[in-house]
Amino acid sequence: MGKDVIIACDFNSKAEVIAFLEKFKDEKPFVKIGMELFYAEGPDIVRTIKGMGHKIFLDLKLHDIPNTVKKAMAVLSGLDVDMCNVHAAGTKGMMQAALEGLTRADGSRPLLIAVTQLTSTSEEVMQQELWIDKPIDETVMHYAKNTMEAGLDGVVCSPLEAGKVHAVCGEKFLTITPGVRFADGDVGDQKRVTTPAKAKELGSDYIVVGRPITQAADPVAAYRRCVEEFVG
Ligand code: C5P
């Protein structure tokens with residue numbers, strides 16, 4: 001599994017995302033499509049961007065009863081996405097059902113990863129509101145282990161957690177890591193950030209980079225800088 005940079009295309013219209021991707025003439029970056037764009041434009045946005053030659057991480061974070069997730073995943077697999085995700089909180093049974101739904105008749109399937117605890121959830125809220133009576137880092141590792149045991153390919157986590165996830169779940173278990181910023185760039189609303197070079201050093205498999213590329217004066221140059229630092 002090669003290391004790669006995934007651009008978080010957090011735009012809310014097809015016109016904006018296409019105009020952005022058309023800036024790339026010599027390379028076809030891996031693209032993350034999130035809920036906002038998918039719900040605004042529907043499945044056609046996936047077909048269009050696939051048709052332009054990009055790989056797609058469809059970040060819809062499914063969480064429902066196993067049967068519903070299985071059927072929804074079969075639809076996403078038919079869209080030929082390359083990576084998609086679920087909430088590990090949906091249980092191992094739900095994650096296994098998701099894998100079944102994703103697997104095509106020829107045995108191929110997109111990569112399937114899980115969200116452990118959202119980074120927007122603090123330890124305090126997790127314990128007092130969700131009644132999960134454990135430290136948050138232990139919860140994250142426990143959910144990562146559940147994800148591995150369900151047969152999924154990896155988890156979304158901070159680059160700072162990538163080493164521990166690999167130690168617990170094995171080197172082949174993928175870590176997909178947002179929270180990446182250039183050393184000389186704006187941090188924005190991200191709290192714990194690392195540079196692409198540091199993410200590589202910490203063992204991330206894929207970095208997800210949004211604003212440092214999408215809002216750059218020269219997005220192609222910013223993307224190339226990420227690739228150079230992270231992939232080498
Ligand atoms: O613009 P920025 O580089 O902060 O974008 C990061 C992307 O990764 C966004 O699409 C954000 O929703 C996503 N993400 C994140 N932190 C998580 C999970 C997803 O920043 N824990």
Side-chain angles (χ1 to χ4, degrees), residues 4-13 16-17 20-21 29-41 45-46 49 54-63 81-90 111-123 125-126 130 136-137 139-141 143-144 147 152-162 164-165 174-200 202 204-219 221-227 229-230:
D4 209 350
V5 174
I6 302 177
I7 305 181
C9 284
D10 295 322
F11 300 104
N12 59 14
S13 75
E16 277 179 86
V17 71
F20 170 75
L21 292 175
F30 205 131
V31 165
K32 179 171 91 82
I33 298 178
M35 291 187 203
E36 185 183 7
L37 185 60
F38 189 78
Y39 293 148
E41 298 289 351
I45 191 68
V46 174
I49 297 175
H54 297 271
K55 284 190 176 172
I56 293 182
F57 167 21
L58 190 56
D59 180 18
L60 298 182
K61 301 185 178 73
L62 276 70
H63 187 172
V81 299
D82 298 280
M83 186 188 287
C84 52
N85 59 1
V86 291
H87 272 282
L111 291 171
L112 182 61
I113 59 170
V115 175
T116 55
Q117 279 292 337
L118 292 171
T119 45
S120 51
T121 308
S122 67
E123 182 166 83
V125 166
M126 188 192 79
L130 303 182
I136 196 158
D137 51 346
T139 310
V140 166
M141 286 307 149
Y143 282 23
T147 303
L152 275 64
D153 303 295
V155 288
V156 182
C157 63
S158 157
L160 302 163
E161 295 159 355
K164 198 160 174 203
V165 169
L174 302 175
T175 51
I176 288 79
T177 66
V180 174
R181 291 293 180 265
F182 292 120
D184 52 3
D186 248 357
V187 172
D189 57 357
Q190 293 282 10
K191 298 273 186 297
R192 296 156 72 221
V193 299
T194 50
T195 62
K198 185 73 183 167
K200 177 184 185 181
L202 293 169
S204 295
D205 296 290
Y206 292 86
I207 51 173
V208 177
V209 188
R211 289 160 291 178
I213 296 175
T214 58
Q215 306 302 313
D218 184 345
Y223 171 74
R224 287 184 181 154
R225 183 176 168 194
C226 269
V227 172
E229 277 192 36
F230 183 66

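Given the structure is predicted, the values throughout are model-derived calculations rather than measurements. Atoms within each ligand, like the ligands themselves, are counted from 1 in listed order. Note that these values count all heavy atoms, side chains included, but never hydrogens, waters or copies made by symmetry.
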For Pro212, the ligand 1 atoms whose distance to one of its heavy atoms is below 4.0 Å:
3 (O)

Under the side-chain contact (heavy atoms from CB on, under 4.5 Å) criterion, do Asp59 and Phe38 qualify, and how do the steps go?
CA-CA 9 Å; Asp59 180 18; Phe38 189 78; over 6 Å; no

Residue, atom name and distance, where the atom is the protein heavy atom closest to atom 10 (O) of ligand 1
Asp10 OD2, 2.8 Å

For Lys61, is at least one N or O under 3.5 Å away from an N or O on ligand 1?
no

Write down the atom of Pro196, the atom of Glu229, and the distance for their closest heavy-atom approach.
CD-OE1, 3.2 Å

With a cut-off of 4.0 Å, which atoms of ligand 1 are near a heavy atom of Arg181?
1 (O), 2 (P), 3 (O), 4 (O)

Of all the atoms in ligand 1, which lie at a distance below 4.0 Å from a heavy atom belonging to Gly210?
1 (O), 2 (P), 3 (O), 5 (O)

Can you name the one residue among Leu111, Ile113, Val81, Ile33 that meets side-chain contact (heavy atoms from CB on, under 4.5 Å) with Phe57?
Ile113

Just which atoms of ligand 1 are under 4.0 Å from any heavy atom in Thr119?
16 (N), 17 (C), 21 (N)

Among non-hydrogen protein atoms, atom 19 (C) of ligand 1 lies closest to Pro178 CG, 3.8 Å

Under 4.0 Å from any heavy atom of Lys32, which atoms of ligand 1 are there?
10 (O)

Non-hydrogen atoms of Val193 and Arg181 that approach each other most closely
CG1-CG, 3.8 Å

Answer yes or no: does atom CG of Asp186 have more than 12 heavy-atom neighbours from other residues, nucleotides or ligands under 6.0 Å?
no

For Arg211, counting its heavy atoms only, list the atoms of ligand 1 lying under 4.0 Å from any of them.
1 (O), 2 (P), 3 (O), 4 (O)

Tell me whether Asp4 contacts the main-chain N or O of Tyr206 through its side chain, where contact means a donor paired with an acceptor under 3.5 Å.
no

Please check if the number of heavy atoms outside Lys198 that lie under 6.0 Å from its NZ is greater than 12.
no

Find all atoms of ligand 1 within a distance of less than 4.0 Å from any non-hydrogen atom belonging to Ala8, and give their numbers and elements.
7 (C), 10 (O)

So which heavy atom in the protein is nearest atom 20 (O) of ligand 1, and how far is it from that ligand atom?
Gln190 NE2, 2.8 Å

Between Arg224 and Asp218, is there a side-chain N and carboxylate O pair less than 4.0 Å apart?
no

